[in-house]
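Written out below as structure tokens is the structure these notes cover.
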There are 4 protein chains.
Amino acid sequence: MPRQVDREARREEILAAAVRVFARCGYAGSRIEDIAREAGIAKGSVYLYFGSREELLRAAFEGLAARSEALLAEVGRRPGGAAARLELLVRSVMELLARERDLARVLLDVWSAGVRAPEWIDMAAFYRDYRAAVTALLTAGGERGAEPAVTPEAHAAVLVGAIEGCVLQALFDPTVDLAALVEPLVTLLVPSEEGGHTS
Amino acid sequence: MPRQVDREARREEILAAAVRVFARCGYAGSRIEDIAREAGIAKGSVYLYFGSREELLRAAFEGLAARSEALLAEVGRRPGGAAARLELLVRSVMELLARERDLARVLLDVWSAGVRAPEWIDMAAFYRDYRAAVTALLTAGGERGAEPAVTPEAHAAVLVGAIEGCVLQALFDPTVDLAALVEPLVTLLVPSEEGGHTS
Amino acid sequence: MPRQVDREARREEILAAAVRVFARCGYAGSRIEDIAREAGIAKGSVYLYFGSREELLRAAFEGLAARSEALLAEVGRRPGGAAARLELLVRSVMELLARERDLARVLLDVWSAGVRAPEWIDMAAFYRDYRAAVTALLTAGGERGAEPAVTPEAHAAVLVGAIEGCVLQALFDPTVDLAALVEPLVTLLVPSEEGGHTS
Amino acid sequence: MPRQVDREARREEILAAAVRVFARCGYAGSRIEDIAREAGIAKGSVYLYFGSREELLRAAFEGLAARSEALLAEVGRRPGGAAARLELLVRSVMELLARERDLARVLLDVWSAGVRAPEWIDMAAFYRDYRAAVTALLTAGGERGAEPAVTPEAHAAVLVGAIEGCVLQALFDPTVDLAALVEPLVTLLVPSEEGGHTS
DNA sequence: GATGAATGAGCGTTCATTCAT
DNA sequence: CATGAATGAACGCTCATTCAT
């Protein structure tokens, strides 16, 4: 069914155009016409693929969320020690956000929308899943006696938060090199394998 | 003589109302009339104190920035070891953002505006200063030989990022208890005093 | 009654200020506050002397009209031949408008208001009187057989029109020297004394 | 394909509607919505053809200016004596303004705008060209020894002024018959052919 | 009287969305 | 399917006018 493929491809084209425009102008500053022009189609045609402007933002987020979930799943599937897998997760996520600067920029507006319209973009669930995955890996890594005050859940929140916060700073300041923050993040927040007994 | 008003006080009232409305509806979704109603005045009166809607957002951020700078300065003035002061800084910032939920919510829109209009809201400078202060405290704390891979600058970025990122998660998810994240943050990212030479 | 004098003097001050501002910014572009500032008083005080912004425009016109009527009356009182008096009228009017550039500029807005709100500013009556005076002088000057096709009324309309039209051009174009147009106006449109029978 | 429209025709329709409304209410008193209603379209649609309310006023003037220039050019192309052509010019202009009462009314606002925003509507240039054309015709008509005091330039200014001034009076006062002023204008201000050598 | 803070109707302009072609 | 002209609700901002002090 080539029809279907075409339709889907066109949808993706438009979404990609929307992400570029959102990144450039912000969601509030992006007019449907700008997106249509960026996609090389007519204004009205956008509505053949997306029901509203808001849906474009949601789709953008869902694309990012899907990729994140894929990463999480991928890490879940991987063999190896929990610490190594957690490290991989951190590296993957950072790499994804560093590579997709536009998507990261759009994230700012998505966050805002998510706070204001939880039933529309469920950021709470997204980050809950994210933390849950990290928590699982932290727990699997074995309890390190050193820090009894830090529950795995809290540790996960800090790690996830640090990732998002580093991306945030890199968005504001081109001086901040996101790639250079990966090692520090791992070093500081990913517990090193202990004894290697997980292998 | 017209009604005597404390212009500065009135300005603050309106700003506070604006912050509440921004927090509730987002900057994009907040109409001047909503803000005026929240402040108990007429629409036009807002313009006696603020030149534009945008100026309200900027003022909101500047209020937060001023408080943050005050915190930084306060910490700088404090006696005591660097680690203790850094810990104090983290606690203070977290407490500020936990207490001023509305302001934190508005931060989401400010971030978006700051990325898009750097000359308008200089987020880069704000976070640069923030990191610089943390870096100074980290450096003063003495180099711990354990992690030579993590420069103080990178460590600062991770710590600052973690704070912002934790606040972010707390905004999305009321389940996330910001207060409960303070200890983990400190434990994981504030190096403990070394040798106790500060005593 | 010094009170009365003061009040009247203040009124004139404000009116003069208004004329300056109207001339500079146009009636539509002049805010009450501008006028108040120009007059060195507070906004609200304008309303102690004038009931509305429109009234200021009307008063400006009435001032000009009063002066014009004074000129007409003066010419009527003068001894001498009709032609000489007509010439005097033309010279006086031109001189008035050349001297009071601001008032002339305001005239543009007054014309517009007069066309749109005849009951408010009765331009028809003003120009009717003006033409009547000129007609009277033309008639008194004796019928010159040369141009039977031109009634005194029509001649008056042309003369009055020429004056206004010359002023108009001078307003647009500083290059146009209003003073230099007086002689041509007189030469071309004021019939020269005939036989001197008026003496 | 969307409704097929002749954009240029639609633009003219809207402009014509705007001229009618401007004539009725004055530029300052004309709301975009009035113009849209007069044109039988929705408010927003006006902006598909004109960038702003001001642009409508400018376009109205430019339409009039274009027609005037066409008249000037037409007269320039005509064969015949200079005096006859000048007479034709006067008659044509008067006829145009008599026919297009609305446009003439709008002229009042255009004048005001032109004085206040010369870079926007260059009235100075418009009347300069106008006078130049008349001057050329006057000069070509041969110098009449009778009035050495009146330069052709001044004569042109008086003639042009008289035309505008007559139109002005007719706008205020329906009693004033513009058509009846054409002959007097010609008789008084267009020098009659000399020697009849042009025939 | 004089002031200027407060008001709120009013308007220009934008832009998401619709739909006739 | 695609188009882009048309729509009209929405909103930021202005400013004439009022009135408490």
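Chain naming here is simple, since letters A, B, ... match the order of the sequence lines and numbering starts at 1 in each. Note that the structure is predicted; figures quoted are calculated from it, not measured.
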Between B/Gly51 and C/Gly51, whichever has its closest DNA chain F nucleotide further toward 5' is B/Gly51
Can you see if the side chain of B/Arg7 gets near the phosphate of E/dG4 - specifically, an N or O under 4.0 Å from OP1 or OP2? no
Does a side-chain N or O of D/Ser45 approach OP1 or OP2 of F/dT7 to a distance below 4.0 Å, or not? yes
Checking all strands, does B/Ile32 fall into the base, sugar-phosphate, or nothing category for heavy-atom contacts under 4.0 angstrom? sugar-phosphate
For A/Tyr27, which residues count as a ring pair (Phe, Tyr, Trp, His ring centres under 6.0 Å) partner, sequence neighbours excluded? A/Phe22
Round to the nearest Å and state the distance from A/Arg37 atom CZ to F/dA2 atom P. 19 Å
Examine the base of E/dT7 for any acceptor or donor lying under 3.5 Å from a partner atom in the side chain of B/Lys43, and report the outcome as yes or no. no
Whole-Å distance, C/Glu54 CD to F/dC15 P, equals 17 Å
Using only atom types and a distance under 3.5 Å, with no angle test, would you say the side chain of D/Ser68 pairs donor to acceptor with the backbone of D/Leu64? yes
What about the rings of C/Phe172 and D/Phe126, do their centers lie closer together than 6.0 Å? no
For the side chain of A/Arg53, starting at C-beta, report the closest nucleotide among E/dT17, E/dT13, E/dT7. E/dT17
Just how far, in rounded Å, is C1' of F/dT3 from CG of D/Leu48? 14 Å
Does D/Arg10 place a side-chain N or O at less than 4.0 Å from the phosphate oxygens OP1/OP2 of F/dA6? yes
Rounded to the nearest Å, what distance is computed from the CD atom of residue B/Glu55 to the C1' atom of nucleotide F/dC13? 13 Å
Write down the distance between CD1 (C/Ile14) and P (E/dG1), rounded to a whole number of angstrom. 11 Å
Can you identify which nucleotide, out of F/dC13, E/dT3, E/dA16, has its nearest atom closest to the B/Ser52 side chain? F/dC13
Backbone of C/Ala23 reached by a side-chain donor or acceptor of D/Arg116 within 3.5 Å: yes
Expressed as a whole number of angstroms, how long is the span from D/Leu56:CG to E/dT13:C1'? 13 Å
Most 5' of A/Val46 and D/Gly40 on DNA chain F, judged by nearest nucleotide: A/Val46
Where each pair must be Watson-Crick or G-U wobble with both distances under 3.5 Å, what dot-bracket representation of DNA chain F is obtained, with crossing pairs in [ ] and other-strand partners as |? .||||||||||||||||||||
Can you tell me how far C1' of E/dA5 sits from CG of B/Asp6, to the nearest Å? 13 Å
So, C/Arg7 side chain and C/Tyr49 main chain: donor-acceptor pair closer than 3.5 Å or not? no
Distance, rounded to the nearest Å, where A/Glu33 contributes CD and E/dT14 contributes C1': 11 Å
Under 4.0 Å between a side-chain N or O of D/Tyr49 and OP1 or OP2 of F/dA5? no
Would you classify B/Phe50 as touching base, sugar-phosphate or nothing, given that sugar-phosphate means primed atoms plus P, OP1 and OP2, and contacts are heavy atoms under 4.0 Å? nothing
Within the distance-only criterion (no hydrogens, no angle test), does the side chain of A/Glu38 pair as donor or acceptor with the backbone N or O of A/Asp34 below 3.5 angstrom? no
What's the closest nucleotide to the side chain of C/Ala42 if the choices are F/dA16, F/dG12, E/dT3? E/dT3
Is the closest side-chain heavy-atom distance between C/Leu97 and C/Leu103 below 4.5 Å? no
Find out whether D/Met123 and D/Val110 are in side-chain contact, i.e. whether some heavy atom of one side chain is under 4.5 Å from a heavy atom of the other. yes
Comparing D/Ser30 with B/Gly44, nearest DNA chain E nucleotide closer to 5' gives the residue B/Gly44
